[in-house]
Amino acid sequence: MARGALGPPLRETLSRWEREQAQLKTSVIDWDTEAWQRDSDFAGLHRVGGVDMSFIKADDVRACASLVVLSYPKLEVLYEECRMVNLTAPYVSGFLAFREVPFLVDAIQRLQKKDPNLMPQVLLVDGNGVLHHRGFGVACHIGVLTDLPCIGVAKKLLQVDGLKNNDLHKEKIQHLKMGGDTFPLMANSGTILGMALKSHSKSSKPLYVSVGHKVSLGAAVRLIQACCRYRIPEPIRQADIRSREYIRRTTELANSQEAGQERGPEGLREKQSPTLSPTRGLEESAGEEEPPENPSPGHHS
DNA sequence: GCGACAG
DNA sequence: ATCTTGTCGC
């Protein structure tokens, strides 16, 4: 029941989500709003945030949401939070935000309350900004809800508005020579939706950078490049690493308790936040299991 | 029927 | 997103 069995209730949810995106979209600001964005060395920029979520295979409900804040330009971790959450929405391409954003915004707001001095001045988001079916990807969504400058960083091209991952596109990628090289991603309308960026000399795959909120595309690309020690910009990479590790330790703990203890449902459950107010979404998303998919065995050189 | 499908 | 080891190269 991956995509075929999604019934009428989901269809209604999707149109509700579309309306919500359209409404929030009117607040997106796609130009520089901070002085540091206009400075070639980002003078005045000291804290860059990154958010990401990791999931458990064979568990449709529990996931780990992670927020990190790194210093700039040294890219050292100043703040880190990982938290287990209960998902309320499935993943649907074009609606990623409704699956992940509530927990990430929560994390931002907790930081704001707990340690305002560590609030990031810009947030890097795993996914797209305006490079999106309706021009309102997850990076825009978080930006509007938090009022933070946000940048969308996707690892794969979302083929929308005439953008195609075809031979021409792959050829352009081949032509990217050194780290920092880019080419524009132009929609049918002539609008530049984002930039393909070779973020690291040794990576053949580019990043797809797009405006989320309160940044220009030029500043976004420059900052992403400045944050890349490896292919993935360090704030997102650290959030990813830490959330995966958190999941790994959590499932390990669960397994050891199930094996060692006869039955101890109390010890582990305490780690979850008791005060989650799930946004009204799909009630049935926590229902069934899915048989694992068998990917065809890839064989390259 | 075929292809696409951010995470 | 997740399932997964070693391997080739600097």
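Just so we're on the same page: letters track the sequence lines, and every chain starts at 1. The model shown is predicted, which means the values in this text are computed figures rather than measured ones.
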key: Aromatic stack A/Tyr91/B/dG7: centroid gap under 5.5 Å, interplanar angle under 30°   =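 Check passed, A/Tyr91 stacks on base of B/dG7.
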Which nucleotide in [options] has an atom nearest any side-chain atom of [X]:
X	options	answer
A/Gln159	B/dA6, C/dA1, B/dA4	B/dA4
A/His132	B/dG7, B/dA6, B/dA4	B/dA6
A/Phe55	B/dA4, C/dT2, B/dA6	C/dT2

Consecutive Watson-Crick or G-U pairs in runs of at least 3, all under 3.5 Å, in which DNA chain C is involved =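 Looking at DNA chain C, no stem of three or more consecutive pairs is formed.
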request  = Would you tell me if any nitrogen or oxygen in the side chain of A/Lys155 comes within less than 4.0 Å of OP1 or OP2 on B/dA6?
outcome  =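 For A/Lys155, the contact criterion (side-chain N or O under 4.0 Å from OP1 or OP2 of B/dA6) is not met.
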query = B/dG7 phosphate, OP1 or OP2: any side-chain N/O from A/Ser93 under 4.0 angstrom?
reply =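 Answer no for this pair, as no side-chain N or O of A/Ser93 is under 4.0 Å from OP1 or OP2.
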ask   = Considering the options A/Val69, A/Val68, A/Asp52, which one meets the side chain to side chain contact (heavy atoms under 4.5 Å, CB included) requirement together with A/Gln238?
value =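 Of the listed residues A/Val69, A/Val68, A/Asp52, the side chain to side chain contact (heavy atoms under 4.5 Å, CB included) partner of A/Gln238 is A/Val68.
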Give the rounded distance in Å between these two atoms: [atom1] of [X] and [atom2] of [N].
X	N	atom1	atom2	result
A/Arg248	C/dA1	CZ	C1'	18 Å
A/Gln21	B/dA6	CD	P	15 Å
A/Leu131	B/dA6	CG	C1'	8 Å
A/Ile232	B/dA6	CD1	P	15 Å

key: Same-atom distance (C1') from C/dT2 to B/dC5, integer angstrom   =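 C/dT2 and B/dC5 have their C1' atoms separated by 16 Å.
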message = Does the structure place the NZ or CZ of A/Arg134 under 6.0 Å from the centre of the six-membered ring of A/Phe95, at an angle of no more than 45° from the ring's axis?
response =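 Checked: cation-pi criterion met.
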inquiry  = Need to verify one output field. Residue with the more 5' nearest nucleotide on DNA chain C, A/Lys202 or A/Arg244?
reply    =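 Its nucleotide being nearer the 5' end, the pick is A/Arg244.
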task = Please name the pair of heavy atoms, one in A/Glu80 and one in A/Val77, separated by the smallest distance, quoted to 0.1 Å.
result =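 Answer, listing the atom of A/Glu80 first, then A/Val77: CB-CG1, 4.3 Å.
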task = Please determine if A/Glu81 and A/Arg110 form a salt bridge, counting it only when a charged side-chain N lies under 4.0 Å from a carboxylate O.
result =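 Yes.
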